[in-house]
K.L.:
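This is the structure I have questions about; it appears just below.
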Amino acid sequence: MEQKTKINAEDGKQELTITREFDLPLELLFKAYVEADIIEQWMGTKVLKLESKKHGNYQFETTDPKGYKYGFSGVIHEVIPNKKIVRTFEMDGTPFGVQLEIYEFEQLTDDTSRLNMHVIYESVTQRDQVLKLPFAQGINMAHNRIEDIVNKLK
Amino acid sequence: MDLRRDAFQAIADPTRRAILLLVASQAMTAGAIAANFDTARPTVSKHLQILAECELLKQEQNGREIYYHINAKKMKEVADFIEPFRQMWEERFNKLETIMKTHKTK
């Protein structure tokens with residue numbers, strides 16, 4: 001299967017980029033980032049507060065299957081419709097620090113668009129810790145695949 | 001090349017995978033790691049030795065204790081730990097795309 005989402009995280013850097021092309025007109029892609037009820041649907045989170053404007057802020061709350069609540073929040077620095085969003089992001093009550101997120105929205109054709117996310121962390125260590133979060137959850141899956149490779153070597 | 005194959009073999013063992021999962025979140029002493037398993041402590045030590053030999057774990061002296069922590073660079077080589085992160089975003093973006101496509105037709 002083609003990989004639509006590309007991550008570029010170079011060793012020893014405190015930043016990464018996430019790029020994705022969408023079969024959506026630019027306006028719809030942008031809308032998915034500024035309207036609370038739409039964010040709730042695709043992020044699977046509750047939007048407690050969202051002010052999509054300069055000096056605005058946002059607060060999300062996600063409940064896991066066990067009922068634990070996790071808060072995410074940040075301050076919005078810039079919103080240029082159909083072009084750019086700059087905001088901070090942090091996971092409340094965790095040691096992962098704050099990250100700066102720069103979203104660039106780009107029109108490719110009338111029906112397709114691209115999102116370029118540039119994320120800057122406080123340090124190289126913190127970036128690597130955030131990268132490892134889903135790794136811990138997905139380790140079995142990743143390693144089952146490795147096992148298959150190992151078995152083929154025998 | 002031999003070294004690389006060793007790391008793959010090291011990771012094929014379920015106990016060693018469980019150890020890596022434990023240590024992925026924080027550095028731990030051999031005792032603390034062993035406390036998580038029913039297996040005899042010398043067996044766990046042997047696993048730690050193998051993981052350290054193929055550089056999946058690093059040892060760090062802290063006072064009188066030796067802490068084991070994951071060698072992310074090496075793990076990435078064998079398991080590409082970015083892949084689950086990428087898949088998480090891929091799923092999220094797929095959902096966004098699906099939702100917005102129906103939004104369009106409304």
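Throughout, protein chains are lettered first and strands after them, A, B, ... in sequence-line order, and every chain is numbered starting at 1. Just so it is clear, the model here is predicted, and its values are computed rather than measured.
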K.L.:
Under 4.5 Å between any side-chain heavy atoms of B:R16 and B:L20, yes or no?
P.N.:
no
K.L.:
Do any of residues 42-62 of chain A have a heavy atom less than 4.5 Å from a heavy atom of chain B, and if so, which, in residue order?
P.N.:
A:W42, A:M43
K.L.:
Can the positive tip of A:R20 be found less than 6.0 Å from the middle of the six-membered ring of A:F22, inside 45° of the ring normal?
P.N.:
yes
K.L.:
Test your reading of the model: is there a side-chain donor-acceptor pair from B:N71 to the backbone of B:E55, 3.5 Å cut-off?
P.N.:
yes
K.L.:
Evaluate the side-chain proximity of A:I120 to A:I102: yes if any heavy-atom separation is below 4.5 Å, no if none is.
P.N.:
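The answer is yes; the side chains approach within 4.5 Å.
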K.L.:
Is a side-chain N or O of A:E122 found less than 3.5 angstrom from the main chain of A:V98, in a donor-acceptor match?
P.N.:
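Yes, A:E122 side chain to A:V98 backbone: donor-acceptor pair under 3.5 Å.
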K.L.:
Below 4.5 Å from any heavy atom of chain B, which atoms of A:I39 appear? Answer side chain, backbone, both or neither.
P.N.:
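For A:I39, neither part sits under 4.5 Å from chain B.
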K.L.:
Look at the side chain of B:T39 and the backbone N and O of B:V44, then say whether any donor-acceptor pair between them is shorter than 3.5 Å.
P.N.:
no
